[in-house]
Protein chains: 2
Amino acid sequence: MRATTTTTRDPAGLASDLRVSVWRAARRMRRESDPGITPTLHAALFTLETHGPMTAGQLASHESVQKPTMTRTIQALVDGGLARRTPDPLDGRVTWLAITPQGTRLLQRTRQRTDEFLTKRLETLTVEERDLLARASDLLARIAEKDPDA
Amino acid sequence: MRATTTTTRDPAGLASDLRVSVWRAARRMRRESDPGITPTLHAALFTLETHGPMTAGQLASHESVQKPTMTRTIQALVDGGLARRTPDPLDGRVTWLAITPQGTRLLQRTRQRTDEFLTKRLETLTVEERDLLARASDLLARIAEKDPDA
DNA sequence: TATTGTTATACTCTATAACTATA
DNA sequence: TATAGTTATAGAGTATAACAATA
């Protein structure tokens, strides 16, 4: 196994390591996650829950996907009764999205009962390691944000 | 934004946060990464570089994908001249995979010159934050490994 | 004209099931 | 029979290009 510590202070080397480990972790999580909801739908629904109602374009921007991609994701959420579309009364081009009670319940169930694989793995770590991952989770979220200067 | 710190010591809540942030980071990295190689090919090639020659089955197991999936990945690497197939001289069913010099060069170029987006983002962090991410990268790799008891 | 969102189309990544060749 | 790998097929997730409706 390559020693990640050798690249710690070198952003390019860390980038290379992170790219691999994040990709593998994402793949593994997808494989093990709750069959009731895919990671893509989960992430979008989570955003609707935490940010409140958003337009389709805002949601696409927040998730760093193109609008047609978000159209599909939204369609899947609406078909599943997890989100609801509401036309904007003033601007006929705009669609507002909101999580439904059913969507909220699904997220609650997911948090309580699912992610079993990941939860089990995390339980094998020390409290310090979980603290570290929690802070890393915030850093990853910051890295994945849209360019501040874009 | 949901406060991740509230879930730090709770493995299930951390699992939920990590699932979202890792998924988003993976998506963003794919979108921004070197157009010359996809994350899936990069990860497999990286494994061949660090572990040396492996059979197709070993590689599939290491990457946590099914064998048919790895067959496709390998085919893409071989088509691109990045890896080489060699039949096992003793067991006719087995195929050995090895990285080619061209594959090694591509990984070097990727490390040096690409991952620009990610490198730039990492440069905006403090040294401490990069240290933290480096250790998190190891933890994520451990989490994504095959079950120790499977 | 510019913007919001959708439809059409295509490519990547992944899986399961069935198959071939070899042991 | 069992194992290693491939082929066939399907589904999820994403993108770009072209379009419709509205501003």
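So that the names make sense, note that chain A is the first sequence line, chain B the second, and so on, each numbered from 1. Fair warning: this is a prediction, and the values are worked out from it, not measured in the lab.
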query = Roughly how many Å is it from CD in Glu32(B) to P in dT14(D), rounded to a whole number?
reply = 14 Å
task = Starting from P on dC13(C), measure out to CZ on Arg27(B) and report it in whole angstrom.
result = 16 Å
query = About how many Å separate CG of Leu18(B) and CE of Met29(A), when rounded to the nearest 0.5 Å?
reply = 5.0 Å
query = Are Arg30(B) and dT12(C) close enough that a side-chain N or O sits under 4.0 Å from OP1 or OP2?
reply = no
task = For Pro39(A) and for Leu97(B), locate the closest nucleotide of DNA chain D by heavy-atom distance; then report the residue assigned to the nucleotide nearer the 5' terminus.
result = Leu97(B)
task = Using the side chain to side chain donor-acceptor pair (under 3.5 Å) rule, take Arg84(B) and Gln102(B) through it: C-alpha gap first, then chi angles, then the decisive distance, then the call.
result = CA-CA 10 Å; Arg84(B) 171 175 24 87; Gln102(B) 194 179 336; over 6 Å; no
query = Atom CZ in Arg93(A), atom OG1 in Thr55(A): separation rounded to 0.5 Å?
reply = 11.0 Å
query = Taking the side chain of Thr40(A) as heavy atoms from C-beta outward, which of dT14(D), dA15(C), dC13(C) is closest to it?
reply = dT14(D)
ask   = Is there a donor-acceptor contact under 3.5 Å linking the side chains of Arg24(A) and Thr47(B)?
value = yes
key: Spacing of CG belonging to Leu14(B) relative to CG belonging to Leu122(A), to within rounding of 0.5 Å   = 5.0 Å
query = Applying the 4.5 Å side-chain criterion to the ILVMFWY set and letting contacts propagate, would Val78(A) and Trp96(A) be lumped into a single cluster?
reply = no
task = Check whether Leu97(B) and Val65(B) end up in the same hydrophobic cluster, where Ile, Leu, Val, Met, Phe, Trp and Tyr are linked by side-chain heavy atoms less than 4.5 Å apart.
result = yes
query = Reckon Thr55(B) has a side-chain N or O less than 4.0 Å from the OP1 or OP2 of dA4(D)?
reply = no
query = Taking atom P of dG13(D) as reference, at what distance in whole Å does atom CZ of Arg24(B) sit?
reply = 15 Å
message = Would you say that Leu118(B) contacts Glu32(B) through its side chain, given a criterion of any heavy-atom pair below 4.5 Å between the two side chains?
response = no
Nearest-neighbour nucleotide for the Val65(A) side chain, dG13(D), dA15(D), dG5(C) considered = dA15(D)
query = Of all of residues 67-76 of chain B, which get a heavy atom below 4.0 angstrom from DNA chain C, listed by number?
reply = Pro68(B), Thr69(B), Arg72(B)
query = Given atom CD of Gln58(A) and atom P of dG5(C), what is their separation to the nearest angstrom?
reply = 8 Å
request  = Enter the distance from Leu45(B):CG to Thr38(B):OG1 here, rounded to the nearest 0.5 Å.
outcome  = 10.0 Å
task = Check Leu106(B), Thr50(B), Leu107(B) against Ile99(B) for a side-chain contact (heavy atoms from CB on, under 4.5 Å) and give me the one that passes.
result = Leu107(B)
task = State whether Arg31(B) places a side-chain N or O below 4.0 Å from either non-bridging phosphate oxygen (OP1 or OP2) of dT14(D).
result = no
request  = Would you mind reading off the distance between Met29(A) atom CE and dT14(C) atom P, rounded to a whole angstrom?
outcome  = 15 Å
Separation of atom CD in Glu63(B) from atom C1' in dA15(C), rounded to whole Å = 16 Å
remark   = Comparing nearest nucleotides in DNA chain D, the 5'-proximal residue of the pair Leu41(A), Trp96(B) is Trp96(B)
query = dC13(C) C1' sits how many Å from His42(B) NE2, rounded?
reply = 17 Å
Please produce a list of atom pairs where a protein N or O lies less than 3.5 Å from an N or O of nucleotides 20-23 of chain C.
residue: dT22(C); atom: O3'; partner: Gly92(B); partner atom: N; Å: 3.3
residue: dA23(C); atom: OP1; partner: Leu90(B); partner atom: O; Å: 3.3
residue: dA23(C); atom: OP1; partner: Gly92(B); partner atom: N; Å: 2.8

request  = Starting at atom CD of Gln66(A), determine the distance to atom P of dA12(D), rounded to an integer number of angstrom.
outcome  = 21 Å
